[in-house]
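Please read the structure below before turning to the comments.
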2 protein chains.
Amino acid sequence: MTIGDVAARANVSKSAVSFVFNGRPGVGEAARERILAAARELDWRPDARARALSRSRAQALGLVIRRAPELLSNDPFFPQFVAGVESGSSDGGYALVLQVVPDRAAEKRAYERFAHESRVDGVFLTDMRLDDERVGELDRLWLPHVVVGPAAASDEPAGTIGLDDAAGVRRAVRHLSALGHRRIAHVAGVPGYVHSEVRRQAWEQELVALGLAPGPVVEGDFTGAAGARATHELLDRSDPPTAIVFANDLMAIAGMSAAADRGVRVPSDLSVVGYDDIPLAPYVQPSLTTVRQDVVEWGRACALALIATVEGREPDRVALPAAEFVVRGSTGPVPADRAPLGRPADDQPTGR
Amino acid sequence: MTIGDVAARANVSKSAVSFVFNGRPGVGEAARERILAAARELDWRPDARARALSRSRAQALGLVIRRAPELLSNDPFFPQFVAGVESGSSDGGYALVLQVVPDRAAEKRAYERFAHESRVDGVFLTDMRLDDERVGELDRLWLPHVVVGPAAASDEPAGTIGLDDAAGVRRAVRHLSALGHRRIAHVAGVPGYVHSEVRRQAWEQELVALGLAPGPVVEGDFTGAAGARATHELLDRSDPPTAIVFANDLMAIAGMSAAADRGVRVPSDLSVVGYDDIPLAPYVQPSLTTVRQDVVEWGRACALALIATVEGREPDRVALPAAEFVVRGSTGPVPADRAPLGRPADDQPTGR
DNA sequence: CTCGGGGACAGAACCGGATTACTCCTCTGC
DNA sequence: GCAGAGGAGTAATCCGGTTCTGTCCCCGAG
């Protein structure tokens with residue numbers, strides 16, 4: 001089933017068929033009808049490979065995910081993001097080529113292959129790090145790309161599509177402050193990642209804006225184990241926080257569990273805020289107060305922007321829905337014996 | 001940068017270059033060296049599009065996921081499976097093309113496009129239903145495929161790559177039975193899906209094998225909401241179960257939460273078993289006893305099998321690691337007042 | 001010494017469309 | 001009545017590889 005068969009059946013030349021299927025003028029109504037009918041009868045559609053070759057465009061977008069395969073399900077971001085990206089790509093007529101690589105070297109090779117073999121027309125850059133060198137590499141490979149990440153405060157590379165991560169975290173801090181909390185800690189993500197830093201900075205800046213001292217920060221790595229460890233570390237302090245803002249839900253839930261293990265009750269003794277709003281967030285004990293982003297829509301926007309870039313158009317500045325703060329059961333008023341502003345209760349650690 | 005440039009630089013014809021890069025004989029050592037050197041210097045690699053066209057092979061595999069985008073992150077299966085599939089595909093030199101579709105009609109169109117446009121050489125069939133009509137459709141499209149799913153007891157279509165779901169569930173039931181439980185309920189997955197049915201049957205068969213009456217079954221849909229609802233329904237009965245085997249972790253965790261809400265303690269009043277071993281399973285209160293599968297390896301095996309099929313080879317029967325039963329804190333001895341075999345304690349609902 | 005065979009390569013056709021450069025033909029305007 | 005413009009449609013070329021068909025040359029066997 002080739003374009004030639006359709007042309008023969010419609011009694012026209014291959015070019016006429018091509019014209020019709022690419023929406024260009026130069027074919028009369030009668031012929032167009034015959035061609036469409038022939039194509040329908042033969043159930044023909046232009047071969048993607050041949051089309052890719054002759055238009056020198058793969059009509060595909062690439063997404064390289066650098067993560068150990070077994071850790072991929074830790075991250076609620078990717079499934080949603082992939083779904084959104086795919087939805088946007090499909091709508092634009094592009095296929096999505098996915099690749100999962102374990103480390104930096106493999107990631108670099110993946111981009112090189114994508115570029116050299118013309119497998120994809122553009123790629124998404126996720127998990128941005130501070131001073132990420134990949135942007136330069138892609139430029140050198142002439143591989144169009146969009147950067148997926150929270151809008152970094154400064155020097156954000158052009159073509160960044162991001163949600164305002166910071167707003168959600170600020171809302172969380174204000175919420176805790178309004179509940180009377182004064183010692184609000186943060187369990188951060190892996191240092192060096194833009195989204196980790198943005199969330200940490202938002203937490204710090206909002207505290208400062210509220211006239212509070214930035215509480216302790218513990219570095220995590222977005223895993224449950226890290227969340228539990230960080231929580232123990234914070235509660236072991238002589239001045240334990242009355243509230244913790246975690247950089248993601250997985251750490252937050254593990255943190256609540258760690259707190260429960262040492263007899264610290266959430267939210268009466270300790271308030272907890274997560275980030276992501278994973279499906280399980282409403283169903284843990286207590287249900288988790290967190291920040292929700294529309295990741296699917298974000299992915300769609302990224303795909304649309306990348307397609308525009310690939311096709312030489314200027315991607316239109318999209319307004320993504322802001323992160324939403326979801327109040328549930330894991331946050332509550334500061335414990336009565338810890339509240340007073342003037343009286344530090346540092347000598348009385350929470351629990352046991 | 002084309003094969004012609006390389007040929008010119010090495011003073012040979014295009015065919016010689018092609019031969020070298022496809023490992024066929026007919027090129028002398030001297031020429032081969034010159035060609036490889038030229039290719040290296042020019043940093044040339046065969047263009048995937050051109051190669052796809054002339055070999056009439058896309059060198060890509062397709063994975064169509066039918067699921068509402070926002071529900072995709074409910075499922076711990078896909079990220080891992082995708083990672084495994086991608087790993088296997090890459091190793092075999094194939095790219096992975098992903099598509100997420102919302103419904104049956106879109107799924108059908110997706111396969112048709114894949115086939116007609118020759119975008120992929122084969123596809124994976126997931127989320128098998130009983131009497132799935134898709135296998136026939138793919139055969140009609142001449143689209144090679146492998147079926148991804150638990151080995152169904154009977155009439156499994158050829159080319160099914162699956163882990164033994166049933167073994168894990170049976171282990172769970174035996175574990176609960178050994179702890180003294182006699183009324184073991186099941187919260188099933190969406191009916192009609194092979195993996196739902198396999199788990200339900202395994203639960204039932206093992207109970208029968210142990211000489212116990214199959215307890216009540218409630219149909220769920222793998223979501224947290226369903227898990228909570230089903231748990232309430234079971235605990236509302238006049239003869240509430242002392243243990244529940246859930247078809248997945250999300251429902252199990254939501255179920256534990258629902259139990260806690262009504263004062264039923266896990267595991268002292270109620271034992272709970274999940275399925276999947278999501279990253280959070282060890283970090284909920286109490287930690288969740290569940291069944292773990294090596295989904296990544298499973299995905300790899302599927303990819304390798306599909307590649308073999310596509311290339312006309314007979315896929316070699318792989319032995320996948322069996323599902324593993326992980327005992328944690330959510331299962332315990334049957335409550336003392338409910339244990340006796342001869343004395344039904346049905347009139348005394350647990351809790352409140 | 002000659003003929004057959006095979007290895008090492010070159011050249012051309014081909015994969016299935018897109019695109020460009022033309023060729024008609026008809027309608028318009030003067 | 002005729003030149004020119006523009007629409008309809010065709011033939012040829014190209015995209016960048018793969019593969020089939022030949023050609024040349026060298027070597028060994030008879």
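Proteins come first, then strands; the chains are lettered A, B, ... in the order of their sequence lines, and each starts at number 1. Only a predicted model underlies this, so the values are computations on that prediction, with no experimental measurement involved.
- Residues Phe222(B) and His195(B) place their aromatic rings such that the two centres sit under 6.0 Å apart.
- The nearest whole Å value for the distance from the CZ atom in Arg119(B) to the P atom in dG17(C) is 13 Å.
- Going from atom CZ of Arg55(A) over to atom CG of Asn22(A) covers 6.0 Å, rounded to the nearest 0.5 Å.
- Taking atom CD1 on Ile3(A) and atom C1' on dA11(D), their separation rounds to 14 Å, with Å as the unit.
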Can you build the contact string for nucleotides 8-13 of chain C? Use B for base contact, S for sugar-phosphate-only contact, and - for no protein heavy atom under 4.0 Å. SBBB--
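- For the residue pair Gln80(A)/Asp294(A), the side-chain donor-acceptor check at 3.5 Å is not satisfied.
- Taking NE2 from His145(B) and CD from Glu137(B), the interatomic distance works out to 11.0 Å, rounded to the nearest 0.5 Å.
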Working for side chain to side chain contact (heavy atoms under 4.5 Å, CB included), residues Arg104(A) and Arg66(A): CA-CA 7 Å; Arg104(A) 178 82 182 87; Arg66(A) 164 141 88 91; 3.9 Å; yes
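- A donor-acceptor pair under 3.5 Å links the side-chain atoms of Asp5(A) to the main chain of Thr2(A), judged by distance alone.
- Interatomic distance, CG of Leu138(B) versus CD of Glu112(B), reported as 10.0 Å (0.5 Å rounding).
- Interface residues of residues 41-60 of chain B facing DNA chain C, ordered by number: Leu53(B), Ser54(B); criterion, heavy-atom separation under 4.0 Å.
- Ring planes of Phe81(B) and Phe78(B): perpendicular class, angle over 60° (limits at 30 and 60°).
- Between the C1' atom of dG16(C) and the CG atom of Asn22(A) lies a distance of 13 Å, rounded to the nearest Å.
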